[in-house]
Number of protein chains: 2
Amino acid sequence: MTSAQPYLRVIDDIEASIMSGALTVGDRLESERALAERLGVSRSSVREAIRTLSTLGVVRSSVGSGPQAGAILISDVELGWTSALRLHVAMRSLPVGDIVRTRVMLEAGAYRDVHQPVPRERLAAAHDLIDVMDASQGPQSFHHADLAFHLELVKLSGNTVAAMLLSSLRAAIEGYVAASFDSRDDWGDVAVTLQCEHRELVAALEAGDGERAAGAAARHILGFARGAALL
Amino acid sequence: MTSAQPYLRVIDDIEASIMSGALTVGDRLESERALAERLGVSRSSVREAIRTLSTLGVVRSSVGSGPQAGAILISDVELGWTSALRLHVAMRSLPVGDIVRTRVMLEAGAYRDVHQPVPRERLAAAHDLIDVMDASQGPQSFHHADLAFHLELVKLSGNTVAAMLLSSLRAAIEGYVAASFDSRDDWGDVAVTLQCEHRELVAALEAGDGERAAGAAARHILGFARGAALL
DNA sequence: GGGCGCCTGTGGTCGGACCACACGGTAGTG
DNA sequence: CACTACCGTGTGGTCCGACCACAGGCGCCC
């Protein structure tokens with residue numbers, strides 16, 4: 001009574017090994033041929049299973065021989081989330097506005113957990129990114145640094161899930177944001193406003209006023225999104 | 001110069017059709033054999049691509065013939081998110097505590113957007129679920145209704161992304177929550193406390209006090225999580 | 001002892017084959 | 001004429017065997 005679909009049996013087997021702790025990040029899976037023989041399924045089914053785990057960011061496959069070859073357990077959460085988000089946004093089943101609003105919830109929520117002044121050295125990377133944005137010559141480079149800036153601040157909260165999620169949400173709508181950035185002829189003025197808000201955000205965190213930072217972040221993101229017609 | 005991996009070419013082709021609007025939810029994909037021939041790849045590669053899209057919740061495959069058979073475009077966001085989350089939590093790369101904290105951010109954020117009293121009829125389902133929890137005979141049925149209750153309230157905010165995300169986050173740690181629910185011999189007392197907090201939450205929303213609801217939700221979730229040693 | 005080349009095992013791809021299934025038209029039946 | 005039973009057809013699901021490119025490790029040769 002092994003009625004389940006073969007490729008699901010493979011996934012279940014690997015998942016069970018992960019759950020039991022027999023497999024952890026960095027370990028190598030059995031070879032596709034060995035897995036197929038042990039589980040009594042065809043190699044095609046094993047491949048579909050591994051391909052699935054690969055798109056979920058659980059496995060990385062490499063050809064060749066030696067310790068680095070074969071299927072290796074990784075843990076790249078963003079990989080799966082981002083591709084899933086991108087596709088569903090394309091199908092219009094996830095409104096861009098809702099993604100922006102969700103991003104505000106996550107980011108503001110992360111800042112709201114801050115109750116102690118954040119030491120300056122932990123904000124060094126954020127300050128550097130502000131400088132990078134000041135020196136940026138066009139929307140693309142500014143946007144790129146802006147992405148890293150916000151991610152850096154959320155990482156300070158120590159919530160890995162929120163950070164991953166934020167990164168995926170932004171990646172999914174990156175195309176829309178970049179498009180509206182490029183289409184505005186006043187991007188220089190926009191950049192000045194955004195930078196002012198970035199500095200206010202950092203100042204609030206340095207002061208340990210998470211609530212103020214949360215409010216600033218919400219205004220910052222929603223204000224830009226309105227201007228970009230993303231809401 | 002079609003150097004890309006064959007299965008990626010298939011995904012790109014389908015994704016392009018979605019982006020351009022040529023394919024929308026409910027449409028049927030070409031048959032695997034037709035797709036393979038048109039793109040000049042083997043059917044195995046097409047299958048890996050479709051299996052990937054299937055795990056991302058973009059496609060549903062059925063055997064047989066007729067309009068309902070074949071690969072049909074759907075949009076089940078939770079499917080991909082939930083399986084990805086579950087696996088990464090199992091690999092210990094996503095701490096359960098961070099998932100709980102992220103859930104608080106989403107739920108509190110959704111309530112915080114409420115500024116008008118919520119009409120009683122829109123809360124009817126929530127009231128019904130409170131009754132269900134009152135009448136529940138054990139942890140499992142209570143937990144099940146609790147899940148639906150919180151999801152129902154977040155859906156009131158109209159943010160589909162937040163609702164999907166909440167649902168996925170809870171599904172990913174459902175096992176841990178259920179386990180700690182079962183292991184407590186005082187689940188009756190816990191239920192009473194939780195129900196009291198549920199009523200306070202609904203009352204705050206009925207009063208249109210989103211801020212109060214957000215605070216109540218945060219205390220409610222974090223309080224239970226602490227008791228269940230999930231933080 | 002050091003450098004070079006073969007040998008092995010890996011994932012990646014392909015083609016063909018068979019199966020179970022569900023639909024749709026068709027032939028047979030009342 | 002209406003209804004039913006049947007079979008043909010196209011679908012995804014699975015399996016098998018084959019070949020390829022690649023990377024590492026081994027042993028041979030210099």
Inset, instruction - Check every atom of dG15(C), dT10(C), dT11(D) against the side chain of V63(B) and return the nucleotide holding the closest atom. - result: dT11(D)
Inset, instruction - Would you mind reading off the distance between E32(A) atom CD and dT10(C) atom C1', rounded to a whole angstrom? - result: 8 Å
Legend entry - Sugar-phosphate only, base, or nothing, as touched by S61(A) at under 4.0 Å among non-hydrogen atoms: sugar-phosphate
Legend entry - Any S42(A) side-chain nitrogen or oxygen under 4.0 Å from OP1 or OP2 of dC15(D): yes
Inset, instruction - Can you establish whether the number of heavy atoms outside E121(B) located under 6.0 Å from its atom CD is more than 12? - result: yes
Legend entry - Donor + acceptor pair across side chains of S157(A), D113(A) (<3.5 Å): no
Legend entry - Nearest listed nucleotide, side chain of S45(B), among dC15(D), dT13(C), dA22(C): dT13(C)
Legend entry - Parallel, tilted or perpendicular: rings of H198(B) and H220(B) (30°, 60°): perpendicular
Legend entry - Integer-rounded Å distance: dT9(D) P and R33(B) CZ: 15 Å
Inset, instruction - Looking at every strand, decide which applies to R51(A) at a 4.0 Å heavy-atom threshold: base, sugar-phosphate, or nothing. - result: sugar-phosphate
Inset, instruction - Before accepting this row, confirm whether a basic side-chain N of the pair R9(A)/D12(A) lies closer than 4.0 Å to the acidic partner's carboxylate O. - result: no
Inset, instruction - Report the residue (R43(B) or G64(A)) whose heavy-atom-nearest nucleotide on DNA chain D is the more 5′ of the two. - result: R43(B)
Inset, instruction - On DNA chain D, check which nucleotide each of R28(B) and Y7(A) is closest to and give me the residue with the more 5' one. - result: R28(B)
Legend entry - Modelled atom types, side-chain donor and acceptor of S62(A) and R60(A), under 3.5 Å: yes
Inset, instruction - Could you check which of dG24(C), dC19(D), dC15(D) has an atom nearest any side-chain atom of P67(B)? - result: dG24(C)
Legend entry - Nearest-Å distance for atom pair CD1/P, residues I11(B) and dG12(C): 13 Å
Inset, instruction - Please state how far atom CD in E30(A) lies from atom P in dG9(C), giving the value in whole angstrom units. - result: 16 Å
Inset, instruction - Compare the minimum distances between each of dG12(C), dT14(D), dG12(D) and the side chain of Q5(B), then state the nucleotide with the smallest one. - result: dG12(C)
Inset, instruction - Provide, to the nearest angstrom, the distance between the CG atom belonging to L35(B) and the P atom belonging to dC14(C). - result: 13 Å
Inset, instruction - Please state whether the base of dG12(D) and the side chain of R47(B) form at least one donor-acceptor pair under 3.5 Å? - result: no
Legend entry - Value in whole Å for how far the C1' atom of dG11(C) lies from CG of L8(B): 14 Å
Inset, instruction - Specify the separation, in whole Å, of atom CG of L29(A) and atom C1' of dG11(C). - result: 13 Å
Inset, instruction - Send over the distance from R9(A) CZ to dG13(D) P, rounded to a whole Å. - result: 15 Å
